[in-house]
Amino acid sequence: MTVRRTAIGWARRVYRRGLKLLPKRASTAIATVVSRVRLQQDLRRPPDPLILPGTGPVTLVDARGVDLETLDRMAERIAAGPDPARRILLIDRPDFLGLRSLGISFEYVPPPTAVTPWYAGDERYEAFIDRRLAEIRAAYGIEGPLDRSLRDQSLRDQSLRNDV
């Protein structure tokens with residue numbers, strides 16, 4: 001048994017015994033402080049990443065700011081491609097029905113608005129986006145950059161159609 005485990009076990013026994021022996025008011029105050037410290041420690045611990053089916057790396061595909069037709073093409077390419085369950089589509093449109101019908105995972109990031117901002121305080125939109133993307137990456141365990149290749153390819157296809 002390690003010294004640390006012994007010390008932790010000893011401290012727990014002293015704490016429990018102290019709660020029983022001290023007056024009710026003092027033991028309640030001590031228990032409240034200990035529970036607050038435990039809660040703060042739990043909140044500081046990063047969450048475990050979500051587990052998605054498949055074996056490849058999880059990729060975050062940026063589809064913000066594209067029109068509906070381009071978004072549909074991107075979604076179809078993801079659904080037809082290898083391991084679609086491990087590709088997360090990052091969108092700024094509230095229309096999710098097409099993505100849900102294809103079974104594609106997505107994360108919604110609201111676009112900037114001219115009215116009262118919905119993000120916290122007086123935070124800039126860019127700072128909000130950076131924080132939100134960091135949260136999404138942590139949630140899925142993504143380490144790489146945003147995948148913009150599908151977006152760029154779909155936009156090129158659209159411009160070729162418009163030129164013809």
In this structure, CG of Leu133 is separated from CG of Leu60 (nearest 0.5 Å) by 6.5 Å
Close side-chain approach of Met74 and Leu89, heavy atoms under 4.5 Å: yes
Looking at CZ of Arg86 and CD1 of Ile142, how far apart are the two atoms once the value is rounded to the nearest 0.5 Å? 9.5 Å
Enter the distance from Tyr108:OH to Arg93:CZ here, rounded to the nearest 0.5 Å. 10.5 Å
For a quick test of reading the model, state the closest non-hydrogen atom pair linking Ile78 to Pro84 and the distance between them. O-CB, 3.2 Å
Shortest non-hydrogen contact from Leu102 toward Ala75: CD1-CB, 3.7 Å
Could you give me the CA-CA distance, side-chain angles and deciding distance for Ile136 and Val109, then say whether side chain to side chain contact (heavy atoms under 4.5 Å, CB included) is met? CA-CA 10 Å; Ile136 291 170; Val109 178; 4.2 Å; yes
Is Glu135 salt-bridged to Arg132, cutoff N-O under 4.0 Å? yes
Exercise: identify the closest heavy-atom pair between Arg64 and Ile91: CG-C, 4.2 Å
Could you tell me if the side chain of Phe106 sits less than 4.5 Å from the side chain of Ile88, heavy atoms only? no
Interatomic distance, Arg16 atom CZ to Arg13 atom CZ [nearest 0.5 angstrom]: 9.0 Å
Heavy atoms of Leu71 and Ala63 approach each other most closely as CD1-CB, 3.8 Å
Which atoms form the tightest heavy-atom contact between Thr32 and Ser35, and what is the distance? O-OG, 2.9 Å
Spacing of Asp72 atom CG and Asp67 atom CG [to the nearest 0.5 Å]: 9.0 Å
To the nearest 0.5 Å, what is the distance between CD1 on Ile104 and CD on Glu76? 8.5 Å
